[in-house]
Each structure stands twice: as structure tokens, then as C-alpha cells.
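The next block holds one structure in the form of C-alpha cells; read it before the comments.
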Amino acid sequence: MSNQTSLEVSGVSKIYPNGYEALADVSFNMQQGEFICIIGRSGAGKSTLLRCINGLHPVTRGSIRIQGTEITSLPDEEKLAIRRRIGFIFQEFNLVGRLSVMHNVLSGRLGYMNGFHSVIGYFSQEHRQKALECLGRVHMLHRATYRADNISGGEKQRVAIARALAQEPLLLLADEPVASLDPDLTWGIMEDLRSVAREEHVPTLVNIHDLETAKAFADRIIGIARGRILYDGPPSGLTTELLREIYRSDDPNRRSRYELVS
Ligand SMILES: Nc1ncnc2c1ncn2[C@@H]1O[C@H](COP(=O)(O)OP(=O)(O)OP(=O)(O)O)[C@@H](O)[C@H]1O
Ligand SMILES: [Mg+2]
């Protein structure tokens, strides 16, 4: 089971309607439970990659398989069914502030409910039980009845992780999940994400700006620059040379700190 390929991205290119090529021939695989951090400077294509994987953006070329199913050519209805099994965690949490924490997590169950029940917002005992388990998984049971806009940023991100877990995800994608949090919280959230990936066997892909955090947590790091993968390997293999290239700016007035150290 641990060697099963969960995600296969192969030769993916993404050209936006304005002609900008944000991804160029991107290929990599992920196994069950793998925790990968994607690094790269602003504009490198990190968010574009996650949006292509969850089907939010159509790819221009290439193939994306999730547990063997090619998702780029699926009819809309089947694409939606797969999307419901992809947990997406955002920098700004994207909770519904006026709803309780519990309701936010229950919304992760919508893909498992019949149309009528989801329209009237009826959640069976089984769904409630699952939502509570997910909240417990990230130590947030004591906040279940709070309004989502009354909890702290770190708590919101834990609730967002619980909501993603309630989807029983095949894959977890997190786009800068710690960029709005202070450094102490950052490590707690990264630890939660990594333990969920490992213990629930969910492959998890995290876009992250902070290199030190990426190196501290990732099983594997993918370094992207100008839409291309420049590095794919263990954190220990990232040399200063590679980092310079990954973070190299085309603008001489906006050198990265890796270009400035000699
Ligand atoms: N809808 C769009 N249309 C045209 N170009 C776009 C679109 N969305 C993104 N881009 C461009 O594609 C490139 C990659 O953007 P993307 O958001 O994937 O970068 P990123 O690595 O996530 O950056 P950041 O670290 O700032 O979040 C950027 O140059 C961006 O301006
Ligand atoms: Mg981004």
C-alpha cells in the first residue's frame, strides 16, 4: 500500500489565455502518505500547479492521474466527483465565518450526501460522527460550537484541515497554508499536516515560501522556477547552487537572498 502511486503528473504545461506559459513540461509522481513541499519564488507557478491538479484550471498539455484515473479529460460530473475527494487548504483558511466550526467541518461531507439532504443542510449521525473525529484529529473538539470567525488564525487553519479530512481525501493540496501565521503556529500546522499525511496515508502537496520550514518538514522538495521543475529530491540534496537557480530573478533589481550570498 505504501508504494502505491497516488498522483502522476506527466508532461503538464499550462498556458493562460493571455499566452503566458506558467507551467512547462512538469512531471512528478507521489506515493501514498508522501509529504512534499513545493518551493520557488513568487510567480514560479506553484499555485498554478495546485489548481491544475485539482481541476480548477484546465491544463494545456499533459496528463494528471489520481489513483490511476486520468482527470484532465473527465466529463464535468466525474471531474466534480474527484474534486470532492481532493482537500484544498488555503492561506486565508476560507471558512464560513458565520457558521460554527462543526458546520464548517460538516461541509466537507457534502460530497457524500444525497442532493436533498445537502440542500436542507441535514447531516446524519454518521456524518456528525465523522466531523467530530476529524476535529479531534487536529485537537479542535473544544471549539466545535464556536463561530468560525471567533477563533484564532492557527485554530482556523486546523479547522480547515479537519474540513479537508472530512472529505476523506485522496489527495491534500495546501497553497501557502502557513503564510498568514506566526512562526510558532507555522510549525504546529506543518506538524499537523505531515502527521495527517503519514497516518491517514494521504499524499500531501504544500506550497511554501519559507525554505527552512520546507526543509524541516518535507519528505521531498520540488523546486520550481519559471514553470519548470529544477529540483525534485530530499531536502538534503538542495545545494546553494540549486537554490540560487530556483530563486534567481530575471530582474537585477530584485535579487533573492540566495543570489546575494557568495
Ligand atoms: N489567470 C491568469 N492569467 C494569466 N497569467 C496568470 C494567471 N494566473 C497566474 N498567472 C501568472 O502565472 C505565473 C505563475 O503564477 P502562480 O500564481 O502560479 O505563481 P506562484 O508560484 O503561486 O506565486 P506566489 O508565490 O506569488 O503565490 C505568474 O507570472 C502569474 O502572473
Ligand atoms: Mg501562489
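For reference, positions follow the sequence shown, starting with 1. Every number for a ligand or one of its atoms is a count from 1 in the order of the listing. All values below were derived from every heavy atom in this structure, side-chain atoms included, with hydrogens, water molecules and symmetry-related copies excluded.
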Side chains of T69 and Q67: donor-acceptor distance under 3.5 Å anywhere?
no
Return yes or no for this condition: an N or O of S42 is under 3.5 Å from an N or O of ligand 1.
yes
Check this for me, if you would: do R158 and E155 make a salt bridge, where the nitrogen-to-carboxylate-oxygen distance has to be below 4.0 angstrom?
no
Please check if a non-hydrogen protein atom sits closer than 4.0 Å to atom 31 (O) of ligand 1.
no
Using a strict cut-off of 4.0 Å, indicate which atoms of ligand 1 neighbour a heavy atom of R41.
21 (O)
Interfacing atoms of ligand 1 (cut-off 4.0 Å, heavy-atom, A22)
12 (O)
Heavy-atom distance to atom 20 (P) of ligand 1: which of G43, A179, G40, G19 wins?
G43
With rounding to the nearest 0.5 angstrom, report the CG to OG distance, D149 to S100.
11.0 Å
Heavy atoms, side chains only, cut-off 4.5 Å: are L193 and V178 in contact?
no
Per-atom contacts of ligand 1 with N18, taking only distances under 4.0 Å to non-hydrogen atoms
4 (C), 5 (N)
How about E8 and S63: does a side-chain donor come under 3.5 Å of a side-chain acceptor?
no
Could you check whether R85 and Y112, counting side-chain N and O atoms only, form a donor-acceptor pair closer than 3.5 Å?
yes
Do protein heavy atoms approach atom 14 (C) of ligand 1 to less than 4.0 Å?
yes
Are any of the N/O atoms in G45 less than 3.5 Å from those in ligand 1?
yes
Would a 4.5 Å heavy-atom cut-off, applied to side chains only, mark F28 and V9 as touching?
yes
Look at atom 25 (O) of ligand 1 and say which protein heavy atom is nearest, naming residue and atom and giving the distance to 0.1 Å.
K46 NZ, 2.7 Å
N, O or S of S42 under 2.8 Å from the Mg ion (ligand 2):
no
Just by modelled atom types, is the D25 backbone N or O under 3.5 Å from a matching donor or acceptor in the S13 side chain?
yes
Quick check on contacts: which atoms of ligand 1 are under 4.0 angstrom from a heavy atom of T48?
14 (C), 15 (O), 16 (P), 18 (O)
Please confirm whether the backbone N or O of L95 pairs with a side-chain atom of N104, one donor and one acceptor, at under 3.5 Å?
no
Which atoms of ligand 1 are found less than 4.0 Å from any heavy atom of S47?
17 (O), 18 (O), 20 (P), 22 (O), 27 (O)
Identity and separation of the nearest protein heavy atom to atom 2 (C) of ligand 1
Y16 CD2, 3.4 Å
In ligand 1, which numbered atoms sit nearer than 4.0 Å to a non-hydrogen atom of H209?
25 (O)
